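Beneath this line is the structure, given in structure tokens, with notes to follow.
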Amino acid sequence: MNELFSVKDKSVVITGGTGVLGDCIARYLATQGARITVIGRREAEGEAIAADIRRDGGEAIFVHGDVLSQSDMEAACRTVLDTYGRVDSLLNAAGGNMPGAVIPPGSTFFDVSIDEFERVLNLNLTGTVLPTQVFLHPMVKQGQGTIVNFSSMAAFRPLSRVAGYSAAKAGISNFTAFLANEVAAKFGSGIRVNAIAPGFFITNQNRRLLTNEGGSLTERGADVIRQTPFKRFGRPEELCGTIQYLISDASAFVTGTIAVVDGGFNAYTM
């Protein structure tokens with residue numbers, strides 16, 4: 001059997017694991033034999049995801065935690081090590097947006113709430129850096145591990161309206177390249193850092209921005225589809241193969257990259 005893409009028995013930690021994308025990725029990797037830790041703030045949803053995985057024969061635990069809390073992340077890391085003995089992969093899927101950091105139609109840049117702008121930066125960027133700092137420790141001790149950050153189309157081009165989110169995701173792309181160099185130089189080639197940049201997927205965060213109550217497209221949703229060569233939104237399961245590649249030995253010589261999964265959005269041209 002070809003084990004190149006195998007994630008069997010790997011201990012995979014997923015922050016933001018109760019979100020639409022994190023949930024789907026957790027369930028898929030469990031079917032491939034990974035040992036899953038779902039971290040999030042929504043306890044009922046997280047426990048249900050872990051219970052579903054276990055019921056289907058997989059291994060999974062839920063740990064309640066805020067990615068902006070050092071003590072929460074350290075406690076979560078101890079729980080993972082107590083349960084699985086190691087941390088093989090960290091998927092930094094936690095993130096999101098806030099209304100005050102978005103410029104609605106009819107408003108201007110002057111209407112952006114600095115408080116909410118900062119919250120979006122913290123949630124997405126600091127909420128990636130802090131868990132990485134914590135979960136990198138066991139990887140360094142092991143001499144092996146993979147980190148996958150979640151970037152966005154907003155990191156490649158200045159999408160209108162989403163000022164805070166775009167700034168945060170651009171920071172994540174930059175941080176990914178920085179950390180890939182940093183860990184390779186200080187700790188060797190056994191630890192790799194990459195990012196995935198999803199195109200437009202319908203989640204609880206963006207549903208109202210892209211679709212109307214009845215499911216028809218908003219003006220912004222129609223603009224996205226017009227600029228996506230595949231002429232549709234992505235399906236959460238379409239991220240799973242790229243994630244598996246990035247945390248498996250198939251990508252053993254890959255670090256500092258951003259894997260785009262966008263139906264061609266970023267390649268669109270007139």
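Source: prediction; values computed, not measured.
- The two residues Phe201 and Pro236 make their nearest non-hydrogen contact at CD2-N, 3.8 Å.
- Residues Thr18 and Phe62 form a side-chain contact, since some pair of their non-hydrogen atoms from C-beta on lies under 4.5 Å apart.
- Between the CZ atom in Arg226 and the OH atom in Tyr268 there is a gap of 5.0 Å [rounded to 0.5 Å].
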### Task
Go through the steps for Leu159 and Arg220 under the test side-chain contact (heavy atoms from CB on, under 4.5 Å), then give the verdict.
CA-CA 11 Å; Leu159 301 182; Arg220 189 172 183 83; 4.1 Å; yes

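- A heavy-atom distance below 4.5 Å is not found between the side chains of Cys24 and Leu239.
- Between Leu91 and Ile247, the closest side-chain pair of non-hydrogen atoms falls below 4.5 Å.
- Contact of the Asn204 side chain with the Val20 side chain is registered, since non-hydrogen atoms from C-beta on lie closer than 4.5 Å.
- Annotation: side chain of Pro138 is not in contact with side chain of Arg86 (no heavy-atom distance under 4.5 Å).
- The cluster map of Ile, Leu, Val, Met, Phe, Trp and Tyr, joined by side-chain heavy atoms under 4.5 Å apart, puts Leu21 and Ile53 in the same cluster.
- When atom types are taken as modelled, the side chain of Asn266 and the backbone of Val260 share no donor-acceptor pair closer than 3.5 angstrom.
- Arg192 places a side-chain N or O within donor-acceptor distance of the main-chain N or O of Val254, the cut-off being under 3.5 Å.
- Side-chain atoms of Asp66 come within 3.5 Å of backbone atoms of Leu68 as a donor-acceptor pair (strictly under, hydrogens ignored).
- Residues Val148 and Phe156 do not share a hydrophobic cluster, defined by chaining ILVMFWY side chains whose heavy atoms lie under 4.5 Å apart.
- For Lys186, the salt bridge (charged side-chain N to carboxylate O under 4.0 Å, His left out) partners at least two apart in sequence or on another chain are Glu182.
- One finds the CE atom of Met73 at 11.0 Å from the OG1 atom of Thr132 (value rounded to the nearest 0.5 Å).
- Nearest heavy atoms, Asn92 versus Pro131: OD1-CB, 3.7 Å.
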Quiz: residues 166-178 side-chain donor-acceptor pairs under 3.5 angstrom, not counting sequence neighbours:
{"unit_1": "Ser166", "atom_1": "OG", "unit_2": "Val162", "atom_2": "O", "d": "2.9"}
{"unit_1": "Lys169", "atom_1": "NZ", "unit_2": "Phe150", "atom_2": "O", "d": "2.8"}
{"unit_1": "Ser173", "atom_1": "OG", "unit_2": "Ser151", "atom_2": "OG", "d": "2.7"}
{"unit_1": "Thr176", "atom_1": "OG1", "unit_2": "Asn149", "atom_2": "ND2", "d": "2.9"}
{"unit_1": "Thr176", "atom_1": "OG1", "unit_2": "Ile172", "atom_2": "O", "d": "2.8"}

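- Rounding to the nearest 0.5 Å gives a distance of 11.5 Å between CD of Gln244 and CD1 of Ile25.
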### Message
Could you go through Ile103 and Val112, starting from their C-alpha distance and side-chain angles, then the distance that decides it, and tell me whether this counts as side-chain contact (heavy atoms from CB on, under 4.5 Å)?
### Response
CA-CA 6 Å; Ile103 303 172; Val112 170; 3.6 Å; yes

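- For the pair Asn194 (side chain) and Ile258 (backbone), a donor-acceptor distance under 3.5 Å is absent.
- Between Ile225 atom CD1 and Phe265 atom CZ the span is 10.0 Å, to the nearest 0.5 Å.
- Taking CZ of Arg78 as the start and CG of Leu81 as the end, the distance is 10.0 Å to the nearest 0.5 Å.
- Counting heavy atoms from C-beta outward, Met139 and Leu90 have side chains that approach closer than 4.5 Å.
- A heavy-atom distance below 4.5 Å is found between the side chains of Thr79 and Ile61.
- Between Thr218 and Leu209 there is no side-chain heavy-atom pair separated by less than 4.5 Å.
- Among all heavy-atom pairs drawn from Asp88 and Gln142, the shortest one is OD1-NE2, 4.3 Å.
- Applying the 6.0 Å contact sphere to CZ of Arg161 captures more than 12 heavy atoms from other residues, nucleotides or ligands.
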### Task
Could you walk me through whether Leu217 and Phe233 pass the side-chain contact (heavy atoms from CB on, under 4.5 Å) test, one step at a time?
CA-CA 11 Å; Leu217 296 176; Phe233 297 118; 3.6 Å; yes

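- Considering all non-hydrogen atoms of both residues, Gly164 and Val120 come closest at C-CG1, 3.6 Å.
- Considering Ser251, Ser248, Ser89 in turn, Ser89 is the only one that fulfils the side-chain hydrogen bond (donor to acceptor under 3.5 Å, both in side chains) rule with Thr146.
- Legend: salt bridge (charged side-chain N to carboxylate O under 4.0 Å, His left out) pairs involving residues 235-258, not counting sequence neighbours, sorted by first then second residue: Arg232-Glu238, Arg235-Glu238.
- Between the Arg54 side chain and the Gly57 main chain, no donor and acceptor come within less than 3.5 Å of each other.
- Side-chain contact annotation: Arg119 with Ser113, donor-acceptor N/O pair under 3.5 Å absent.
- In the hydrophobic cluster analysis, where Ile, Leu, Val, Met, Phe, Trp and Tyr join through side-chain heavy atoms closer than 4.5 angstrom, Val261 is grouped apart from Ile202.
- A donor-acceptor pair under 3.5 Å is absent between the side-chain atoms of Glu74 and the main chain of Val134, judged by distance alone.
- Screening residues 147-159 for salt bridge (charged side-chain N to carboxylate O under 4.0 Å, His left out) gives no qualifying pairs among residues at least two apart or on separate chains.
- Checked by atom type and distance alone, the side chain of Glu43 never pairs as donor or acceptor with a backbone atom of His64 at under 3.5 Å.
- Annotation: the span from Gln70 atom CD to Leu130 atom CG amounts to 4.5 Å, rounded to 0.5 Å.
- Applying the salt bridge (charged side-chain N to carboxylate O under 4.0 Å, His left out) criterion to Arg55, with sequence neighbours excluded, gives Asp52.
- Judged purely by atom type and a 3.5 angstrom limit, Thr15 uses its side chain to pair as donor or acceptor with the backbone of Ala94.
- Summarising the local packing, NZ of Lys8 is surrounded by 12 or fewer heavy atoms from other residues, nucleotides or ligands at distances under 6.0 Å.
- Under the 4.5 Å side-chain heavy-atom criterion for Ile, Leu, Val, Met, Phe, Trp and Tyr, Val193 and Val67 are members of the same hydrophobic cluster.
- Thr242 and Ala259 get closest at one heavy-atom pair: CG2-CB, 3.7 Å.
- Residues Gly96 and Leu123 come closest through the heavy atom pair N-CD2, 3.7 Å.
- With hydrophobic clusters built from ILVMFWY side chains whose heavy atoms lie under 4.5 angstrom apart, Tyr245 does not share a cluster with Val13.
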Pairs of donor and acceptor atoms involving the side chains of residues 32-40, under 3.5 Å and at least two apart or interchain, shall be tabulated with distances.
{"unit_1": "Arg35", "atom_1": "NE", "unit_2": "Glu59", "atom_2": "OE2", "d": "3.2"}

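- At least one donor-acceptor pair under 3.5 Å links the side chain of Asp111 to the backbone N or O of Thr108.
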### Query
Run the side-chain contact (heavy atoms from CB on, under 4.5 Å) check on Ile243 and Tyr28 step by step: do they pass?
CA-CA 10 Å; Ile243 292 288; Tyr28 169 76; over 6 Å; no

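- Put simply, the side chain of Thr211 never gets that close to the backbone of Ser216: no donor and acceptor are under 3.5 Å apart.
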